[in-house]
Chemist: 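A single structure is presented below for examination.
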Amino acid sequence: MSETTASRIETEVRRRRTFAIISHPDAGKTTLTEKLLLFSGAIQIAGSVKARKASRHATSDWMEIEKQRGISVASSVMQMEYRDCVINLLDTPGHQDFSEDTYRVLTAVDAALMVIDAANGVEPQTRRLLQVCRARNTPILTFVNKMDREVQEPLALMDEIERELGMTVVPFTWPVGMGKQFHGVMDLRQQRMRVFAPGEDRVAGDEEVLEGLDNPVYADRFGMQYDNAQGEIELVIEAAPAFDREQFLTGRQTPMFFGSAVNNFGVQEVLDALVELAPAPDARQAMQRTVQPEEPKFTGVVFKIQANMDPAHRDRIAFLRVASGHFERGMRLKVVRSGKELRPNTVVSFLSQRRELLDEAFAGDIIGIPNHGVLQLGDTITEGEALQYTGLPFFAPEMFRSVEVADPLKTKQLKAGLQQLGEEGAIQVFRPIAGSVLLLGAVGQLQFEVVAHRLEHEYGVKARITGSRFQVARWVTCDDPQELKRFIDANDHRMAYDAVDAPTVLVEYAPELRAIESNWPKIKFHALREHAGLVFQQRLDG
């Protein structure tokens, strides 16, 4: 590789910022996503998330059921340029029933933007997502939303975030008033105030900005709200620790911003902070070695598969996080799990449902590879090296349902639809060894509803989803293949295979599982599996 090429890869990697937006449902995450796109110039008009019956919907919500309910149930990917940085923004489902999809998305990002509803504070789903981020030491920026409503006091919110989430909070902006008396935010670093004026379609540069933290104009214009804010700001400046980049990069300190996403207010500061503070792509761990982003050879990992983003074409897009090297359209690549060769010529980048053909990509970028079942979740793609990236988890389902087709003539469509939905991770599909009725496994009830809706509207199949006696599932492995076969044969009445043919034992009660475990000491029972890792290792060994 020439010195010029190496230098270009290094420069492009440094320009990348890849982050996910996380929050509890209804905190305003999808709205903030829209406004970040609007401020960066990526879109000209923001869809109103609230106007569900209108023709405009949030740019990042593309699935029909999302438009009907006004929620995000799939993770959307958007790319934009801002201040000479390439920003890859992933909008995750807020609903807890889709925590698995969110978990996998968080393996593909270098930072997270946490949105908190200023009225509700830290909510249960926020805690769960934060646990995932903390486990990976993901840097987190915090945006406190909906300041134009009657909300909690900012000092109380700051205290709650520190207490509940175990992170030190460093306010970068501070609100002046709230609700009908919300006058704007003080930028504590730039020492100026951005004055609030309601309005959904304002863009950067429209707000009035007043210089200084103690400008005499403030007291005349903003009265008691400014007096209160001034006292809080003095307290915060004195008591809050200074921003420490190392603490931030290890997820122990979070910069905090206040605003109102629906009014495009406070968004500019967040976007600037993402560019300035969020890290560029770093090294990633494979089973064999640590891979540096500036390495010349291309490698990447599939963290999401989405079927039917364009229902007219029955497409399936594999979302791939580039981990190293320089991707070029048409280059010769290898799917490490299967050994199959890929020469992707129609690779796309995303602005939600709008796509653009992509000629090249670098570490940190998220690219979409259309394929028909060649790629699976967790697949590593390289220029030939036998690598397997780790850390893409599947959790044992907590709820089970049987699924049958209402019209027997459509059995084939049901199986094809469920196979695709299972491969994209929308639901876990199990084929019991005994019996022909397929089983669905999920984390939450809404997943079953979404699958029924998608089967009907994307595959033309009305499915009957009914109760199942099973309540617990565990994937099973064994160092001795013969012992594993004996176990499967002896327990065939409660054995099934999942979407990637991993053997799974299904039981009705936890005590039943404990009895099976004690009877089969050589068998390993897993509540979590990392996709493809085991299969890959067996193929290398065998």
Side-chain angles (χ1 to χ4, degrees), residues 13-14 16-24 27 29 32-33 36 75-78 85-94 96 98-116 122-144 161-162 164-170 172 243-257 270-271 273-286 290-293 300-301 303-304 319-323 363-366 378 389-393 395 528 530:
V13 169
R14 279 203 303 268
R16 264 58 188 175
R17 303 289 184 273
T18 304
F19 73 97
I21 299 194
I22 60 174
S23 80
H24 194 83
K29 175 173 53 64
L32 180 60
T33 303
L36 289 169
S75 302
S76 300
V77 177
M78 286 142 280
C85 279
V86 178
I87 297 174
N88 295 290
L89 183 160
L90 287 78
D91 177 21
T92 62
Q96 65 184 36
F98 297 90
S99 52
E100 251 194 302
D101 195 34
T102 302
Y103 201 127
R104 287 193 284 265
V105 165
L106 288 172
T107 67
V109 299
D110 303 308
L113 174 57
M114 174 172 67
V115 185
I116 287 181
V122 179
E123 298 175 87
Q125 181 65 0
T126 317
R127 285 189 204 96
R128 272 193 290 271
L129 293 170
L130 255 292
Q131 286 167 0
V132 175
C133 291
R134 296 299 297 279
R136 301 180 59 80
N137 292 331
T138 305
I140 294 156
L141 295 95
T142 300
F143 180 71
V144 179
I161 292 167
E162 291 200 333
E164 291 275 350
L165 304 179
M167 288 187 296
T168 306
V169 172
V170 181
F172 274 43
F243 176 70
D244 182 321
R245 185 164 173 80
E246 281 309 307
Q247 293 274 309
F248 164 68
L249 290 176
T250 52
R252 295 196 295 272
Q253 196 184 76
T254 178
M256 180 165 70
F257 301 84
V270 171
L271 199 50
L274 279 164
V275 165
E276 291 162 20
L277 305 180
D282 201 357
R284 293 179 83 80
Q285 193 59 48
T290 302
V291 180
Q292 301 297 330
V301 61
F303 67 92
K304 174 182 171 60
F319 290 72
L320 180 133
R321 153 81 189 222
V322 181
D365 285 339
I366 309 295
Y389 284 110
T390 58
L392 197 77
F395 301 94
L528 176 90
E530 279 198 11

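The chain is numbered in sequence order, starting from 1.
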Chemist: Decide yes or no for Phe319 and Val105: does some side-chain heavy atom of the first lie under 4.5 Å from some side-chain heavy atom of the second?
Modeler: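 No, every pair of side-chain atoms sits at 4.5 Å or beyond.
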
Chemist: Does Asn88 reach the main-chain N or O of Gly364 with its side chain, forming a donor-acceptor pair under 3.5 Å?
Modeler: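 Indeed, once roles are kept as given, a pair shorter than 3.5 Å links the two residues.
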
Chemist: Looking at Val275, is its backbone amide N or carbonyl O close enough to the side chain of Arg17 to form a donor-acceptor pair, meaning the two atoms are under 3.5 Å apart?
Modeler: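 The answer is yes, because a donor-acceptor pair under 3.5 Å joins these two groups.
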
Chemist: To the nearest 0.5 Å, what is the distance between CE (Met114) and CZ (Phe143)?
Modeler: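 The CZ atom of Phe143 is 12.5 Å from CE of Met114, to the nearest 0.5 Å.
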
Chemist: Considering all heavy atoms of both residues, which atom of Ala273 and which atom of Phe257 are nearest to each other, and what is their separation?
Modeler: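 Where Ala273 meets Phe257 most closely, the heavy atoms are CB-CZ, 3.3 Å.
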
Chemist: Considering non-hydrogen atoms only, spot the tightest contact between Arg321 and Pro281 and give its length.
Modeler: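 Smallest heavy-atom distance, with atoms named: NH2-CB, 3.5 Å.
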
Chemist: Is Ile22 close to Leu106 at the side-chain level, that is, under 4.5 Å between some pair of heavy atoms?
Modeler: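 Sidechains of Ile22 and Leu106: in contact.
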
Chemist: Would you name the heavy atoms of Ala111 and Pro279 that are closest together and state the gap between them?
Modeler: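 Result for this residue pair: CB-CD, 4.1 Å.
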
Chemist: Once you round to the nearest 0.5 Å, how far does CG of Asn137 lie from OG1 of Thr250?
Modeler: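 That separation rounds to 6.5 Å.
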
Chemist: What pair of heavy atoms forms the shortest contact from Val291 to Ala286, and how long is it?
Modeler: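 In this case the closest contact between Val291 and Ala286 is CG2-CB, 4.4 Å.
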
Chemist: Indicate yes or no: at least one non-hydrogen side-chain atom of Val301 is less than 4.5 angstrom from one of Thr107.
Modeler: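 A side-chain contact under 4.5 Å is absent here.
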
Chemist: side-chain contact (heavy atoms from CB on, under 4.5 Å) between Ile366 and Lys304: does it pass, once the steps are laid out?
Modeler: CA-CA 10 Å; Ile366 309 295; Lys304 174 182 171 60; over 6 Å; no

Chemist: After noting the C-alpha distance and the side-chain angles of Leu277 and Arg245, does the key distance pass the side-chain contact (heavy atoms from CB on, under 4.5 Å) rule?
Modeler: CA-CA 8 Å; Leu277 305 180; Arg245 185 164 173 80; 4.2 Å; yes

Chemist: Taking all heavy atoms of Asp244 and all of Gln253, pick out the closest pair and write down the distance.
Modeler: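 Taking every non-hydrogen atom into account, N-OE1, 2.7 Å.
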
Chemist: Given side chains that start at C-beta, do those of Val170 and Met256 come closer than 4.5 Å, heavy atoms only?
Modeler: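 Val170 vs Met256: side chains apart.
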
Chemist: Evaluate the side-chain proximity of Leu141 to Val270: yes if any heavy-atom separation is below 4.5 Å, no if none is.
Modeler: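 No. Closest side-chain heavy atoms not under 4.5 Å.
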
Chemist: Arg284 and Tyr389: which non-hydrogen atoms are nearest, and at how many Å?
Modeler: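 Reported closest heavy-atom pair: CB-CE2, 3.9 Å.
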
Chemist: Is there a donor-acceptor pair under 3.5 Å between the side chain of Gln247 and the backbone N or O of Arg252?
Modeler: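 Such a contact is absent between Gln247 side chain and Arg252 backbone.
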
Chemist: In terms of the angle between their ring planes, are Phe243 and Phe172 parallel, tilted or perpendicular, with boundaries placed at 30° and 60°?
Modeler: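 Ring orientation, 0 to 90° scale: perpendicular.
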
Chemist: When rounded to the nearest 0.5 angstrom, what is the spacing between CG in Leu32 and CG in Leu271?
Modeler: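 Result: 9.5 Å between the selected atoms.
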
Chemist: Does the side chain of Thr254 reach to within under 4.5 Å of the side chain of Leu165, using non-hydrogen atoms?
Modeler: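 Sidechains of Leu165 and Thr254: no contact.
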
Chemist: Under 4.5 Å between any side-chain heavy atoms of Leu89 and Phe19, yes or no?
Modeler: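 They are in contact (side-chain heavy atoms under 4.5 Å apart), so the answer is yes.
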
Chemist: Taking the side chain as every heavy atom from C-beta outward, state whether Val169 and Thr142 have any pair of such atoms under 4.5 Å apart.
Modeler: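 Result no, sub-4.5 Å side-chain heavy-atom pair not found.
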
